[in-house]
Student: 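Below are the structure tokens for one structure; questions will follow.
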Amino acid sequence: RRSLSAGAWQFLGVVAVVVALPLGAAESTIPFASDRNGNMEIYVMDPDGGNARNVSRNAAWDWFPTWAPDGEQIAFSSERDGDCEICALDVNNEKARRLTRRAGLDIAPSWSPSGLHIAYESWDGTSQRVHTMDADGANSGPLTDGPRAGDPAWSMDGSRIAYSSHRGVHTIGANGGAPAQLVVDDGRELAWSPDGQRLAYSVFENGSRDIYIMRVDGDGLTRLTKHAGFDYEPAWSPDGREIAFTSERDGGANIFVIDVDGRDDPRAITRSGTLDGQPAWARPGASLLAAAVGVAPATWGWLRGRGSK
């Protein structure tokens, strides 16, 4: 489905992790997923790629990291209990708890701005839907219907959730209701801008995948990256001036950063020679960094591909 080109990530498991950092540290740190140590884990690093460190440290696959607004926990997708479920890690006592208990794949968690709820993507073997639940895992249920919906991204005011589907990019009320279609493009790995006015996402066309930006009313569509390699999994910087993304332009998968105006060339901030992806920056005012999705099968194409089998 989403990102890494064929095979790169297809056979990896899914995990969601939550890590807390002081406000200043969180806003200057990028969490991401990497298999640089031979196992998919959650890492954090400086915006220039320095001081990368493993914060999940588990033998199972962990990825799709996203910080909680209070900076006390990290939600992530993991196979540590033998199934692909959403988990939350309390960074104070280093204890992880399982939030979902469903057959299939639960991935790509996204915290509500209040920290009280989590949206995520769930595959049950026949359909893919966006679900929501309380932050403790209670009251879980589908928000969308139809055969395929994923890549949830909560709006900054908490009122709506953007998601991708086989019919394009949509938004829907946080409590349900009629979805609003923004574009018909096969958009993936949605990311809401800090000012709440724009969405970044990736689109596959002409044999490549690139990052696009549009206003939340569906207008003002702009192509940000233009490269023959695959560019995907966008994540906004807290000030909204830059976007970090995963790219396969130099072989493998690395994380790049580009100015939102697109005037300067993207710069690579990882060069591990392995698979680095799912970058995430903290939301403004958050006490820790939120890591993506995506590989919610939507965030990392390879993961999505795995879930759709």
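Just the heavy atoms: all of them, side chains too, but no hydrogens, waters or symmetry mates, feed the values below.
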Student: Is a side-chain donor or acceptor of Ser193 paired with a backbone partner of Arg198 at a separation under 3.5 angstrom?
Tutor: yes

Student: Step through the shown structure and confirm whether more than 12 heavy atoms of other residues, nucleotides or ligands are within 6.0 Å of CG on Asn175.
Tutor: no

Student: So, for Val183 and Tyr201, which heavy atoms are closest and what is the spacing to 0.1 Å?
Tutor: CG2-OH, 3.7 Å

Student: Do any N or O atoms from the side chain of Ser56 and from the backbone of Asn58 form a donor-acceptor pair under 3.5 angstrom?
Tutor: no

Student: Atom CG of Leu105 and atom OH of Tyr120: how far apart are they, to the nearest 0.5 Å?
Tutor: 12.0 Å

Student: Using modelled atom types only, decide if a donor and an acceptor are shared between the side chain of His131 and the backbone of Arg129 within a distance under 3.5 Å.
Tutor: no

Student: Does Thr246 reach the side chain of Pro279, with side-chain heavy atoms less than 4.5 Å apart?
Tutor: yes

Student: Please determine if Arg188 forms a cation-pi arrangement with Phe204, meaning its NZ or CZ atom is less than 6.0 Å from the six-membered ring centre and no more than 45° off the ring axis.
Tutor: no

Student: Using 0.5 Å steps for rounding, measure from the CD1 atom of Ile258 to the OG atom of Ser247.
Tutor: 10.0 Å

Student: Ser110 and Ala153: which non-hydrogen atoms are nearest, and at how many Å?
Tutor: OG-CA, 3.9 Å

Student: Give the C-alpha distance, both sets of side-chain angles, the deciding distance and a yes or no for side-chain contact (heavy atoms from CB on, under 4.5 Å) between Val169 and Leu190.
Tutor: CA-CA 9 Å; Val169 176; Leu190 310 180; 4.0 Å; yes

Student: So which atom in Ala200 and which in Trp236 form the shortest heavy-atom distance, rounded to 0.1 Å?
Tutor: CB-NE1, 3.6 Å

Student: So, the side chain of Asp259 versus the backbone of Gly262: is there a donor-acceptor pair under 3.5 Å, distance only?
Tutor: no

Student: Tell me the closest heavy-atom pair linking Pro194 and Ser237, and the distance in Å.
Tutor: CG-O, 3.2 Å

Student: Taking the side chain as every heavy atom from C-beta outward, state whether Phe245 and Ser202 have any atom pair closer than 4.5 Å.
Tutor: no

Student: For Asp48, which residues count as a side-chain hydrogen bond (donor to acceptor under 3.5 Å, both in side chains) partner, sequence neighbours excluded?
Tutor: none

Student: Is it the case that atom CG in Asp250 sees more than 12 heavy atoms from other parts of the structure closer than 6.0 Å?
Tutor: yes

Student: On the ring face of Tyr43, is Arg36 found with NZ or CZ under 6.0 Å from the centre and within 45° of the axis?
Tutor: yes

Student: Hey, is the main chain of Ala162 close enough, under 3.5 Å, to the side chain of Thr171 for a donor-acceptor pair?
Tutor: no

Student: Check the pair Met45 / Ile255 against side-chain contact (heavy atoms from CB on, under 4.5 Å), numbers first and verdict last.
Tutor: CA-CA 11 Å; Met45 64 180 172; Ile255 295 172; 3.9 Å; yes

Student: Scan side-chain atoms only and decide if Ser122 and Arg102 contain a donor-acceptor pair under the 3.5 Å cut-off.
Tutor: yes

Student: Decide yes or no for Val257 and Trp281: does some side-chain heavy atom of the first lie under 4.5 Å from some side-chain heavy atom of the second?
Tutor: yes

Student: Nearest 0.5 Å, what's the CD1-CZ distance between Ile269 and Phe32?
Tutor: 8.0 Å

Student: Could you please spell out the steps behind the side chain to side chain donor-acceptor pair (under 3.5 Å) verdict for Ser272 and Thr270?
Tutor: CA-CA 6 Å; Ser272 70; Thr270 69; 5.6 Å; no

Student: Look up atom CG in Leu275 and atom CG in Asp35, then write down how far apart they are to the nearest 0.5 Å.
Tutor: 4.0 Å

Student: Step through the shown structure and confirm whether more than 12 heavy atoms of other residues, nucleotides or ligands are within 6.0 Å of CZ on Arg271.
Tutor: yes

Student: Determine whether Asn254 and Arg249 satisfy the following criterion, side-chain contact (heavy atoms from CB on, under 4.5 Å), listing intermediate values before the conclusion.
Tutor: CA-CA 8 Å; Asn254 289 291; Arg249 62 182 59 201; over 6 Å; no

Student: Pick one: which of Asp83, Asp106, Ile86 meets side-chain contact (heavy atoms from CB on, under 4.5 Å) with Arg98?
Tutor: Asp83

Student: State whether a side-chain donor-acceptor pair under 3.5 Å links Asn206 with Ser208.
Tutor: no

Student: If hydrophobic clusters are built from ILVMFWY residues whose side chains come within less than 4.5 Å, do Leu143 and Leu116 share one?
Tutor: no

Student: Once you round to the nearest 0.5 Å, how far does CD of Glu189 lie from CD1 of Ile211?
Tutor: 7.0 Å

Student: Side chains of Leu224 and Val260: does their closest heavy-atom pair fall under 4.5 Å?
Tutor: no

Student: From Trp123 CH2 over to Cys84 SG, what is the distance, rounded to the nearest 0.5 angstrom?
Tutor: 11.0 Å

Student: Could you tell me whether a side-chain N or O of Arg209 sits under 3.5 Å from a main-chain N or O of Asp231, the two making a donor and an acceptor?
Tutor: no

Student: Shortest non-hydrogen contact from Gly196 to Val216?
Tutor: O-CG1, 3.7 Å

Student: Looking only at the side chains, is there a donor atom on one of Arg167 and Ser165 sitting less than 3.5 Å from an acceptor on the other?
Tutor: no

Student: Could you check Tyr212 against Leu221 for side-chain contact (heavy atoms from CB on, under 4.5 Å), going step by step and ending with a plain yes or no?
Tutor: CA-CA 7 Å; Tyr212 285 74; Leu221 184 64; 4.0 Å; yes

Student: Looking at every non-hydrogen atom in both residues, tell me the closest pair between Thr144 and Ala149 and how far apart they are.
Tutor: OG1-CB, 3.4 Å

Student: Before accepting this row, confirm whether a basic side-chain N of the pair Lys226/Asp210 lies closer than 4.0 Å to the acidic partner's carboxylate O.
Tutor: no

Student: Between Asn37 (side chain) and Asn39 (backbone), is there a donor-acceptor pair under 3.5 Å?
Tutor: no

Student: Do Asp81 and Arg101 meet the salt-bridge criterion of a basic N to acidic O distance under 4.0 Å?
Tutor: no

Student: Under a 4.5 Å cut-off applied to non-hydrogen side-chain atoms, are Asp62 and Glu41 in contact?
Tutor: yes

Student: Checking Ser112 against Ser114: is there a side-chain donor and acceptor pair closer than 3.5 Å?
Tutor: yes

Student: Quick one: does Asp195's side chain have a donor or acceptor within less than 3.5 Å of a partner on Gln197's backbone?
Tutor: yes

Student: Using atom types as modelled and distance alone, determine if a side-chain donor or acceptor of Trp111 lies under 3.5 Å from a backbone N or O of Gly115.
Tutor: no

Student: Can Glu242 and Arg267 be counted as an ion pair, charged N to O under 4.0 angstrom?
Tutor: yes

Student: Give a yes or no answer on whether the side chain of Arg215 reaches the backbone of Asp217 with a donor-acceptor pair at less than 3.5 Å.
Tutor: no

